[in-house]
Amino acid sequence: MKYHKRILKNGLTIIEVPSNDAESVVVDFFVKTGSRSETAKENGISHFLEHFLFKGTTKFPTTMEITELIDGIGGEMNANTGKEHTQYFIKGRHVHLPIIFEILTDMLQNPLLDPVELEREKGVIVEEINMYKDNPRINVGNILEDEMWKGDPLGRDISGTPDVVKKFTPKMFSSYMERNYQPGNIVLGISGKYDRPALNRLITKYWAKLPAKKWQAWPKAKDTQKKPRVRTEYKKTEQAHFNIGFKAYDVNDKRNAPATVLAAILGGGMSSRLFVEIRERRGLAYYVRAGNSQYQDTGVFDISAGVRVTNIEEALKVTSEVLKDIKSIPVTERELGKAKAYLKGRTTLYLEDNQARLDWYLEQAAFKKNIRTPEEIFKEIDAVTSAQVRRIAQEIFQPNKATLAVIGPYRSDKSFLKLINRF
């Protein structure tokens, strides 16, 4: 899977991932700013922009005009926001590259930020926040990170809160974009089928002549956890949801390869240890998963499950026993090989899509010291040993690094705190 990277004089990074068997093209602007770059009064503004920039630009002044143009070419447009990024993309037939590029460019460079649209969209955003709050499976992860990084921008909810969102003004959006939406803080990606000279002409016309300006530095995580933490949120539910998080490794740490293999062994599929022990053997949960995710300066290894309300303590005890086992008993070569094959297979299937291929390189270009191809990552995974997995488990799974978030009909943290001390 080939790619081309270059950086303009003004700092704009360009990633190209051509595909010989595609008839479509996707253009993606990946902005290296998200909720952790916001002040407390701006919490949720990155996510709001994900909606707001589609509401009209200088050349395309209404939402309807933008959507009709995209519908008129049979294209797809979307956006998403994270703690450290916001991205906007449009996908369509390759012959429509000029209009796709122009719409996205005008969204980032010349948004109207219309006050009327702003007030209207506030209601939409508040309802989206409410929707996530009403979904315990999603919301338990937000509670976990808020507790893991207390008082730190990294811990804040990406969507913000209704009270904060309702106070947003056009001036706040202009200020935020001026501080963060500069060429040096943006990665432009293109994938699929396209004419490279035509792409270069578009880049020269719309982006190459922009001046290089400074952008806002992201604040590093300051939380220094020294003991286990528990946070419960009372909700009358038929199913309880828990998420256990452990402080882990930043995006450039070499220990992420064995940590990722560890996550696959514990909760990467239907034959993983936690899935088998909690769901198959005991029938305590519907879903069980484990994951290893990274930020620029830290990371989180987390385990989550949806369990019967009456059986959450048993599920947590089983989880602690599984973690103790993997810290003390070496993983067999058979189980290690299965986890590696699982990771490589899932990655291969994911990368069948042009958008996914582009995302692979965009995230690396934005946050990693070096860009690696899937083949290079697979070699790293293959090199992971049983001893490395055991050592990483011993490093991560310590009570003083653990945080437990629970949503369900529970009024006290005390019993859960006793359980998490077992980890």
Side-chain angles (χ1 to χ4, degrees), residues 1-32 75-80 82 84-85 87-102 104-105 108 183-208 251-252 254 256-257 260-261 294 296 340-384:
M1 197 166 74
K2 296 180 179 180
Y3 74 96
H4 307 287
K5 176 187 175 182
R6 53 191 159 125
I7 302 176
L8 301 184
K9 290 182 179 180
N10 60 16
L12 180 73
T13 299
I14 299 165
I15 296 290
E16 299 179 49
V17 187
S19 177
N20 295 327
D21 60 351
E23 289 297 322
S24 64
V25 65
V26 56
V27 178
D28 192 318
F29 283 90
F30 188 103
V31 190
K32 294 186 288 182
E76 299 175 359
M77 63 180 180
N78 214 330
N80 64 75
E84 298 181 326
H85 83 278
Q87 67 183 122
Y88 308 84
F89 55 91
I90 298 177
K91 186 175 183 178
R93 285 186 63 216
H94 66 93
V95 296
H96 299 300
L97 173 61
I99 188 63
I100 290 172
F101 198 97
E102 186 176 12
L104 285 170
T105 294
L108 269 67
N185 205 36
I186 297 173
V187 184
L188 162 61
I190 183 167
S191 180
K193 182 177 180 178
Y194 58 94
D195 180 71
R196 203 174 191 205
L199 171 65
N200 289 335
R201 287 193 294 271
L202 291 167
I203 292 171
T204 299
K205 179 179 179 181
Y206 292 111
W207 288 92
V251 69
N252 286 297
K254 293 181 179 180
N256 280 311
T260 300
V261 173
Q294 307 92 43
Q296 293 178 74
K340 293 175 181 180
Y342 171 85
L343 289 169
K344 293 185 289 184
R346 298 290 289 187
T347 301
T348 300
L349 294 177
Y350 168 73
L351 293 175
E352 290 292 309
D353 178 71
N354 280 336
Q355 177 71 58
R357 294 176 190 175
L358 185 56
D359 282 344
W360 174 276
Y361 289 108
L362 284 174
E363 291 179 12
Q364 293 191 76
F367 304 124
K368 292 195 174 183
K369 294 177 181 177
N370 300 298
I371 296 178
R372 290 167 294 176
T373 64
E375 292 74 20
E376 290 171 324
I377 296 293
F378 291 167
K379 287 182 181 179
E380 283 189 10
I381 291 172
D382 284 333
V384 172

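We number each residue from 1, following the sequence as shown.
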Minimum side-chain heavy-atom gap [X]-[Y] below 4.5 Å:
X      : Y      : answer
Val25  : Phe101 : no
Leu108 : Ile186 : yes
Tyr3   : Leu358 : no
His96  : Ile90  : no
Trp360 : Ile377 : yes
Asn354 : Lys193 : no

Checklist entry - With Lys32, which residues qualify under side chain to side chain contact (heavy atoms under 4.5 Å, CB included), at least two apart? => result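 Side chain to side chain contact (heavy atoms under 4.5 Å, CB included) list for Lys32, sorted by chain: Phe30, Asn185, Ala366, Phe367.
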Item to check | For Arg346, all residues meeting side chain to side chain contact (heavy atoms under 4.5 Å, CB included), sequence neighbours excluded | outcome: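 Only Tyr342 meet the side chain to side chain contact (heavy atoms under 4.5 Å, CB included) criterion with Arg346.
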Next on the checklist: Does Asp359 form a side chain to side chain contact (heavy atoms under 4.5 Å, CB included) with Gln87? I'd like the steps, not just the answer.
Outcome noted: CA-CA 10 Å; Asp359 282 344; Gln87 67 183 122; 3.2 Å; yes
Item to check | Flag if over 12 foreign heavy atoms under 6.0 Å of CG, Asp21 | outcome: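 Counting neighbours around CG of Asp21, more than 12 heavy atoms of other residues, nucleotides or ligands fall under 6.0 Å, so yes.
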Return the [atom1] to [atom2] distance between [X] and [Y], rounded to the nearest 0.5 Å.
X      : Y      : atom1 : atom2 : answer
His4   : Tyr361 : NE2   : OH    : 10.5 Å
Ile190 : His94  : CD1   : NE2   : 12.0 Å
Lys340 : Phe378 : NZ    : CZ    : 13.5 Å
Glu352 : Tyr350 : CD    : OH    : 12.5 Å
Thr105 : Tyr206 : OG1   : OH    : 7.0 Å
Gln296 : Asn252 : CD    : CG    : 9.0 Å

Next on the checklist: Applying side chain to side chain contact (heavy atoms under 4.5 Å, CB included) to Leu8 and Ile14, what does each step give before you reach the verdict?
Outcome noted: CA-CA 8 Å; Leu8 301 184; Ile14 299 165; 3.9 Å; yes
Item to check | Gln294 side-chain N/O to Asn256 backbone N/O, donor-acceptor pair under 3.5 Å | outcome: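 Such a contact is absent between Gln294 side chain and Asn256 backbone.
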Checklist entry - For Thr373, does its backbone N or O pair with a side-chain atom of Glu376 as donor and acceptor, under 3.5 Å? => result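 Flag set: sc Glu376 to bb Thr373 pair under 3.5 Å.
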[X] versus [Y], closest heavy-atom pair with distance:
X      : Y      : result
Ala208 : Asn10  : O-ND2, 3.8 Å
Leu104 : Val27  : CD1-O, 3.3 Å
Val26  : Gln355 : CG2-OE1, 3.0 Å
Lys5   : Ile371 : CD-CD1, 3.9 Å
Tyr88  : Ala79  : CD2-CB, 3.8 Å
Gly192 : Ala22  : CA-CB, 4.1 Å

Checklist entry - For Glu16 and Leu199, what are the C-alpha separation, side-chain angles and deciding distance, and is it a side chain to side chain contact (heavy atoms under 4.5 Å, CB included)? => result CA-CA 10 Å; Glu16 299 179 49; Leu199 171 65; 3.8 Å; yes
Item to check | All pairs passing side chain to side chain donor-acceptor pair (under 3.5 Å) where residues 363-372 contributes a residue, at least two apart | outcome: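 Applying side chain to side chain donor-acceptor pair (under 3.5 Å) to every pair that reaches into residues 363-372, excluding sequence neighbours, yields Arg372-Glu380.
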Next on the checklist: Apply side chain to side chain contact (heavy atoms under 4.5 Å, CB included) to residues Leu97 and Asp195 and explain how you reach the verdict.
Outcome noted: CA-CA 9 Å; Leu97 173 61; Asp195 180 71; 5.9 Å; no
Checklist entry - Among Thr13, Leu12, Ile7, which residue meets the side chain to side chain contact (heavy atoms under 4.5 Å, CB included) test with Val187? => result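 Looking at Thr13, Leu12, Ile7, the match for Val187 under the side chain to side chain contact (heavy atoms under 4.5 Å, CB included) is Thr13.
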